[in-house]
Structures are given as structure tokens and as C-alpha cells.
Amino acid sequence: MIDNQQLTLVENERGYGVKVNFIPYNPEWFHINTRSYTQEYLERVVDGDASYGTAEFRLTDDGDLFLHLPISWEVEVYQPGDVQTTIGVDIGENVIYAAAVVDGGGEVEAVEMESGREFRHYREQLQQKRTELMANDDLGGVKATREDQERYTEQVLDTASKSVVELAVNHAPSVIRLEELTDYRKTARDPIHDWPFALLQEKIAYKARAEGIPVETVEARNTSLTCRKCGCTNPQNRDGDEFDCVRCGYEVHADVNAAINISQRERLRDVQETQER
């Protein structure tokens with residue numbers, strides 16, 4: 001552990017680096033390989049808008065050195081109860097996210113979607129390549145493909161989470177609502193630990209906090225099967241990406257319908273309870 005008196009963060013021609021005084025008067029310099037989300041935090045520190053605390057260096061078995069540096073700044077966060085506009089976010093495989101902005105009167109103000117086709121295709125290619133490398137006992141190649149997948153996943157989810165939060169900021173004051181992931185998708189072909197649902201939610205949450213946007217999690221039950229117009233809950237309403245209500249005929253992309261329902265969780269719960277009586 002290194003306290004902030006022993007570590008200095010600086011910006012240089014290569015990006016960012018840290019000077020660490022492991023031994024008094026004999027500092028060591030380390031270059032920081034930044035990622036998209038860490039870039040913003042480091043900029044805040046260098047500009048004097050944020051501070052950092054006690055740091056920790058970790059050396060992996062592969063010889064990689066990681067710096068864990070907590071960075072903090074003051075943020076005024078809206079209280080969810082004082083906000084009328086909600087942004088429901090549905091996370092999936094064919095569509096990485098569908099986000100719906102709904103005002104206090106239940107009117108949809110905006111919708112955004114991000115296709116997951118390219119993301120899934122790239123992951124499947126890497127999985128096939130990894131299988132071939134494992135068959136050839138190429139452990140170095142296996143490690144490289146795993147790192148490629150991690151970097152690519154990080155990049156895609158950083159971009160997606162940033163877009164969701166920017167949508168919320170553009171409609172502030174607002175609150176982002178995400179699905180509660182407990183016992184979620186246990187029977188899916190891709191288990192949750194393989195498809196990064198939770199990681200995307202985490203990225204949305206911490207980016208939202210940095211912008212003062214509150215985040216809530218809500219029960220996901222039947223959000224994809226219930227018509228957001230008339231409240232009809234029926235498995236036949238959804239066929240893949242298509243939502244076509246068997247009662248009122250409302251048609252929309254299924255993930256958009258789910259996102260709207262997530263944003264209006266209280267209304268959906270009332271409808272479901274009424275239908276169950």
C-alpha cells in the first residue's frame with residue numbers, strides 16, 4: 001500500500017505516469033496504460049478537480065503490474081423520489097442495450113438501441129480460435145485471445161455505458177432503472193458469467209454516479225412479455241426481437257417494449273397484480 005504522499009500522478013508526452021517513492025529520495029517511474037474510462041478520471045486529477053487516496057500495486061503471475069488508485073470528487077446526486085423522468089435500460093444479447101426515456105406522464109420521449117451482432121460475432125470468432133489453440137497446446141495463444149476478448153469487451157461496454165449515461169444527462173433530472181439480475185437467465189445458452197450483463201450494469205452505475213444521476217434496480221419479471229400499452233402479459237406477445245400484442249395489436253421492438261416497462265416498473269407491477277387476481 002502506498003499513501004498519496006509517496007505517489008505523484010503526472011501527465012507526460014506518453015500520456016500519464018506515476019512517480020513512487022518506495023525508497024526515500026530514490027523514486028521509481030511507471031507509465032500508465034490507460035483505458036477509455038480511466039482516461040477521464042486521470043484527467044480530473046491532473047486538472048485539480050479530483051483527488052486520489054492510498055494506492056496499491058499488484059503483480060500478477062504473468063508478470064503484469066496493476067495500479068489500483070481510488071479517485072474521488074464531489075458530486076451532487078439527484079434523489080430518485082424527486083425525479084419524474086426515468087430511463088429504463090434492457091440489456092440483452094442481440095441488442096446490447098435498449099434505453100427508453102419516459103416522462104412523468106408515461107410518454108416516451110426518446111429511445112436508443114445498440115446492436116449486439118458485431119459484439120457476439122467477434123466473441124464467437126475468438127472462442128473458435130481459442131478452441132483451436134487449446135487443441136494445439138498453444139497456451140500463449142490462448143492467453144492472448146483471452147486478453148483480446150477482455151480488451152474488446154471493455155471497449156464495447158465502455159462505449160455502451162457512456163451512451164446510456166449521456167442519454168440520462170441530456171434528459172436530467174432523471175433516474176436510470178436497470179433490471180435486478182438475481183437468478184437472471186440461468187437457463188440461457190450463454191450463462192451470465194459469460195455474457196457481461198452485470199459488467200455493463202456496473203459501468204452504467206459508476207458513470208451515472210459521476211454525473212450525479214441516480215440508479216435504481218427493479219424486478220425484471222415479465223418486462224419482455226407484457227404490453228406496455230394495454231398491460232397484457234402473454235408469452236405469445238414476443239417472437240424473438242418482435243413484440244406484437246395479442247390483445248391490442250401494439251407492435252414494437254421487443255427490447256424497446258421491455259425498456260419502457262422497466263422505466264415504468266410500478267405501473268407494470270400494478271397491472272400484473274390486477275391480472276393475477
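Smallest separation of non-hydrogen atoms from Cys227 and Asn237: N-ND2, 4.2 Å. Across every non-hydrogen atom of Ile260 and Ser263, the tightest pair is O-OG, 2.6 Å. A pairwise comparison of heavy atoms in Cys232 and Val246 identifies SG-CG2, 4.1 Å as the closest pair. Across all non-hydrogen atoms, the minimal contact from Gly53 to Leu69 is O-CD1, 3.9 Å. When all heavy atoms of Ser224 and Ala258 are compared, the pair lying nearest together is CA-CB, 4.1 Å. Between Lys229 and Cys248 the shortest heavy-atom distance is CB-SG, 4.3 Å.
The closest donor-acceptor contact from the side chain of Arg177 to the backbone of Glu179 lies at 3.5 Å or more, if one exists at all. Between the Asp241 side chain and the Ala254 main chain, no donor and acceptor come within less than 3.5 Å of each other. Remark: the backbone N or O of Glu219 is paired with a side-chain donor or acceptor of Arg265 at under 3.5 angstrom. Proximity of a side-chain donor or acceptor of Asn257 to a complementary backbone N or O of Thr226 within less than 3.5 Å is detected. Distance alone, capped at 3.5 Å, is enough to place a donor-acceptor pair between the Asp103 side chain and the Gly105 backbone. Under the 3.5 Å distance criterion, the side-chain polar atoms of Thr153 are left unmatched by any main-chain donor or acceptor of Glu150. No donor-acceptor distance shorter than 3.5 angstrom exists from the side chain of Asp90 to the backbone of Ala98, with no hydrogens or angles considered. Thr223 places no side-chain N or O within donor-acceptor distance of the main-chain N or O of Ile262, the cut-off being under 3.5 Å.
Tyr97 and Ile213 fall within the same hydrophobic cluster, where Ile, Leu, Val, Met, Phe, Trp and Tyr residues are linked whenever their side-chain heavy atoms come under 4.5 Å apart, directly or through other members. Put simply, Leu67 and Ile71 are part of the same group of oily side chains (I, L, V, M, F, W, Y) that touch within less than 4.5 Å, one to the next. Under the 4.5 Å side-chain contact rule for hydrophobic residues, Val256 and Ile96 do not share a cluster. In the hydrophobic cluster analysis, where Ile, Leu, Val, Met, Phe, Trp and Tyr join through side-chain heavy atoms closer than 4.5 angstrom, Leu200 is grouped apart from Val95. Connection of Val215 to Leu199 is established within a shared hydrophobic cluster, with ILVMFWY side chains joined at heavy-atom distances below 4.5 Å, either directly or through further cluster members.
With rounding to the nearest 0.5 angstrom, the OG1 atom of Thr85 is 12.0 Å from the CG atom of Asn170. Note that CG of Leu42 is 6.0 Å distant from OH of Tyr16, once rounded to the nearest 0.5 Å. Atom CZ of Arg238 sits about 12.0 Å away from atom CG of Asn222, to the nearest 0.5 Å. The distance from atom CG of Leu167 to atom CD1 of Ile176, rounded to the nearest 0.5 Å, is 8.0 Å. With values rounded to the nearest 0.5 angstrom, Leu133 atom CG is found 10.5 Å from Gln128 atom CD. To the nearest 0.5 Å, atoms OH (Tyr52) and CG (Leu7) are separated by 5.0 Å.
Proximity of Pro196 to Lys203: side-chain heavy atoms (C-beta onward) are nowhere separated by under 4.5 Å. Contact annotation: the side chain of Glu154 approaches that of Asp158 to within less than 4.5 Å [non-hydrogen atoms, C-beta and beyond]. Contact of the Gln201 side chain with the Ile204 side chain is not registered, since no non-hydrogen atoms from C-beta on lie closer than 4.5 Å. No side-chain heavy atom of Val10 sits under 4.5 Å from any side-chain heavy atom of Lys19. Put simply, the side chain of Asp244 does not reach to within 4.5 Å of the side chain of Glu242, judged on heavy atoms.
Taking the charged nitrogens against the carboxylate oxygens, Arg130 and Asp138 have no contact shorter than 4.0 Å, which rules out a salt bridge.
Environment of NE2 in His121: sparse, with no more than 12 heavy atoms of neighbouring residues, nucleotides or ligands closer than 6.0 Å. Heavy-atom neighbours of Arg117 CZ from other residues, nucleotides or ligands within 6.0 Å: at or below the threshold of 12. Atom CD of Gln125 has more than 12 heavy atoms from other residues, nucleotides or ligands within 6.0 Å.
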Item to check | Trace of the side chain to side chain donor-acceptor pair (under 3.5 Å) decision for Ser161 with Lys207 | outcome: CA-CA 7 Å; Ser161 57; Lys207 285 182 171 65; 3.3 Å; yes

Next on the checklist: Evaluate Arg228 against Val108 for side-chain contact (heavy atoms from CB on, under 4.5 Å), listing each step before the verdict.
Outcome noted: CA-CA 11 Å; Arg228 75 98 174 174; Val108 179; 3.9 Å; yes

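Using cut-offs of 30° and 60° on the angle between ring planes, the pair Phe22 and Phe30 is perpendicular.
Sorted by first then second residue, the ring pair (Phe, Tyr, Trp, His ring centres under 6.0 Å) pairs that include residues 234-255, not counting sequence neighbours, number zero.
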